[in-house]
Amino acid sequence: MPPPMTTPQPVRGTQSLIGEDADRFHAVIAAFDRVRARFGFRRVEVPVLEHTAVFARTMGETTDVVSKEMYTFEDKGEESVTLRPEFTAGMCRAYLSEGWQQLAPLKLATHGPTFRYERPQKGRFRQFHQLDAEVIGAAEAPADVELLSFADQLLKELELGIGAAVLKLNTLGDPETRAAWRDALFEHFSSRASDLSEDSRARLTRNPLQILDSKAHSDWPVVDSAPVIDDFLTPEAADFFAQVTDGLSAAGVRWERAPRLVRGLDYYRHTAFEFITDTLGAQGTVIAGGRYDGLVESPRGPHTPAVGWAAGIERLAMMIDAPQPERLEVAVVAESQELREGAIAVTAALRRAGMTCELVISGNPRKRFDKAVKLNPTQIYSLSYRGGVLNKSQRGAGAQKTDLDRREFDRRSSYQ
RNA sequence: GCGAUCGUAGCUCAGCUGGUUAGAGCAUCGGUUUGUGGUACCGAGGGUCGCGGGUUCAAGUCCCGUCGGUCGCCCCA
């Protein structure tokens, strides 16, 4: 229990944004939505809250995310529910339980908050936000190309700069390929277990593929000499990967082969990818995804091939240039009390005409003009009495086009 | 879960080897001045020094714990 405090504290790992931070955040979402529409991905909404089984089953009970990072609790109906730690599971659940199957193949996009109980650090929060894109019910390589082109175009429009994020691409092949490769890896790593780090030795029986992206330097020689998947690809799997890479080249998407990029869970097939950056410290992954043909059907669902990716909004927001802040067009100032209603009338007319407008009619009348100046508007309309005479002035650049007509200004500001 | 580092006013910070009623700039509010694209001066409000305990005649300062921020490990978006 937190100790009683006079001022409430935010929950650890959550954040509230204002100003430039909020602008960055929404610039990422705006770009996503723009590109989304152009690629024909349908906008969908799925719940933040799902039955715990939705995530536990699809993500694998032994995953770190499921075993120790989920916000899981019993609701008042004594049902175990979980705040989503990712989107894919909920999207698939909706596909199955909301009758979306009849619309397949579906290109879907959504975004929103996701939750993971982790130690916060740079680019990592307990409540964080993701962009998500999925193609469900499409088994062919063009779907992968479509999905990756979407991600690539999004990054281009965010103007991260050349080389800021590179696409690392790999194939995990079909189940036959994967099983053969896995066996070969197991054999390779078992024979050299004594050279492996403690972490990697633990992975050996649980998931030998994960040793491939071990960060322990001591593992690197063993990893470098490990068998590569290309030697195990079935002709079908090799053809699928070739279609993806040819498609990407045709679409003008730059990529790099990453033969050690893997996914731990068995339902991943064929395409696996990450957009990586070195500008975010330890959290280098900005977009990650892959093909998960085996997910929906396990343990008992219709065979449903699918590909998808998720992106971290906060991570992208940290990488983009600061967006232009919304510029105030007009500040209307009443520099004495009896001119307030006139100022209100002018402001109302300007806002109805579609202009962004702030009203400055409170506080010390003599300081109101300075207050207006600090709002940094394009124009200032001020109403004042000077030497007992009503003085109306419009100041600022570019007045002609957006200006309230002079006569209209006079009429409105004379409101009694 | 592990490690490092930091918590003083709304913000950015100062505060010496512990020593009177804890300071500055900015911001806010008020007064005078100026009189139209960030005037100048004066004044006010605002802090149980993150929280709890300990050492001491005396703790913002030293010690322990705890909560939080930041960065890294792990994992991931």
Side-chain angles (χ1 to χ4, degrees), chain A residues 1-15 18-19 28 32 59-60 62-70 84-88 111-133 151 165 197-200 202-203 207 210 213-217 263-264 273-277 280-290 308-319 328 331 333 335 362-387 391-397:
Chain A
M1 263 313 201
M5 281 180 250
T6 42
T7 51
Q9 295 299 117
V11 172
R12 183 163 205 196
T14 64
Q15 44 178 3
I18 193 170
V28 171
F32 174 69
M59 297 182 75
T62 60
T63 326
D64 275 8
V65 173
V66 170
S67 61
K68 48 192 185 196
E69 295 177 358
M70 294 208 303
R84 63 180 173 213
E86 56 124 35
F87 274 95
T88 305
H111 66 89
T114 43
F115 301 84
R116 257 122 96 157
Y117 190 85
E118 298 181 276
R119 267 304 270 287
Q121 65 186 68
K122 187 172 187 182
R124 195 169 82 178
F125 308 93
R126 288 185 174 179
Q127 177 179 336
F128 61 110
H129 299 78
Q130 287 190 341
L131 309 173
D132 184 79
S197 65
E198 196 180 326
D199 279 350
S200 290
R203 290 181 188 124
N207 199 334
Q210 282 186 341
D213 58 6
S214 167
K215 282 176 185 164
H217 285 43
R263 292 279 116 89
F273 59 89
E274 291 179 10
F275 288 83
I276 309 280
T277 179
L280 290 181
Q283 267 62 42
T285 306
V286 135
I287 298 181
W309 55 251
I313 296 180
E314 287 86 353
R315 291 184 186 176
L316 290 170
M318 283 190 281
M319 294 175 72
L328 179 64
V333 193
E335 295 190 73
S362 61
N364 186 340
R366 296 188 159 185
K367 289 185 175 170
R368 287 181 197 167
F369 189 87
D370 285 346
K371 231 179 185 176
V373 167
K374 283 179 184 169
L375 294 171
N376 194 27
T378 312
Q379 300 179 61
I380 296 176
Y381 292 4
S382 108
L383 304 177
S384 61
Y385 279 115
R386 198 169 315 148
N391 197 288
K392 302 173 181 178
S393 70
Q394 300 182 17
R395 300 254 148 192

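Note: hydrogens, waters and symmetry copies are ignored here, and every other heavy atom, side chains too, is used. In what follows, every chain begins at residue 1, and chains take the letters A, B, ... in the order their sequences are listed.
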What distance, rounded to whole Å, do you find between the two [atom1] atoms, one in [N] and one in [M]?
N     : M     : atom1 : answer
B:A14 : B:G47 : C1'   : 15 Å
B:G19 : B:U39 : C1'   : 44 Å
B:U70 : B:U33 : P     : 49 Å
B:A40 : B:G72 : P     : 42 Å
B:U34 : B:U20 : P     : 44 Å
B:U55 : B:C64 : P     : 15 Å
B:G69 : B:U8  : P     : 14 Å
B:C29 : B:U36 : P     : 23 Å

May I have the distance from [X] (atom [atom1]) to [N] (atom [atom2]), rounded to whole angstrom?
X      : N     : atom1 : atom2 : result
A:F369 : B:U39 : CZ    : P     : 10 Å
A:R126 : B:C75 : CZ    : C1'   : 14 Å
A:K122 : B:G3  : NZ    : C1'   : 19 Å
A:Q121 : B:G3  : CD    : P     : 15 Å
A:E118 : B:C2  : CD    : P     : 15 Å
A:Q127 : B:A77 : CD    : P     : 17 Å
A:K371 : B:A27 : NZ    : P     : 14 Å
A:E69  : B:C74 : CD    : C1'   : 9 Å

Name the closest nucleotide to the [X] side chain, picking from [options].
X      : options             : answer
A:Q130 : B:A27, B:A77, B:G35 : B:A77
A:D370 : B:U39, B:C29, B:U70 : B:U39
A:P377 : B:G3, B:A77, B:G37  : B:G37
A:K367 : B:A77, B:U36, B:U32 : B:U32
A:I380 : B:G37, B:U34, B:A77 : B:G37
A:V373 : B:G68, B:G38, B:A77 : B:G38

Describe the nucleic acid contact of A:G289 in one word from base, sugar-phosphate, nothing, applying a heavy-atom distance below 4.0 Å.
nothing
Would you indicate what A:I287 reaches in the nucleic acid, counting non-hydrogen atoms under 4.0 angstrom: base, sugar-phosphate, or nothing?
sugar-phosphate
Contact nearer the 5' end of RNA chain B, comparing A:A310 with A:P10
A:P10
Polar side-chain atom of [X] near backbone of [Y] as donor-acceptor pair, under 3.5 Å:
X      : Y      : value
A:E314 : A:H129 : yes
A:R124 : A:R119 : yes
A:R84  : A:F115 : no
A:T114 : A:F128 : yes
A:K371 : A:S362 : yes

State whether the aromatic ring of A:F128 stacks on the base of B:A77, taking stacking to mean ring centres under 5.5 Å apart and ring planes under 30° to each other.
yes
If you compare every side-chain N and O of A:R366 against the phosphate oxygens of B:U33 (OP1, OP2), does one of them come in below 4.0 Å?
yes
Verify the contact: side-chain N or O of A:R315 to OP1 or OP2 of B:A77, cut-off strictly under 4.0 Å; return yes or no.
no
Watson-Crick or G-U counterpart of [N], or none if no pair lies under 3.5 Å:
N     : result
B:C62 : B:G54
B:G23 : B:C13
B:C49 : none
B:C71 : B:G3
B:U28 : B:A44
B:G38 : none

Does any part of the side chain of [Y], heavy atoms only, come nearer than 4.5 Å to the side chain of [X], both counted from C-beta?
X      : Y      : result
A:L328 : A:N376 : no
A:F87  : A:L131 : no
A:R368 : A:S382 : no

Please evaluate the base of B:C75 for a donor-acceptor partner in the side chain of A:R124 within a cut-off of under 3.5 Å?
yes
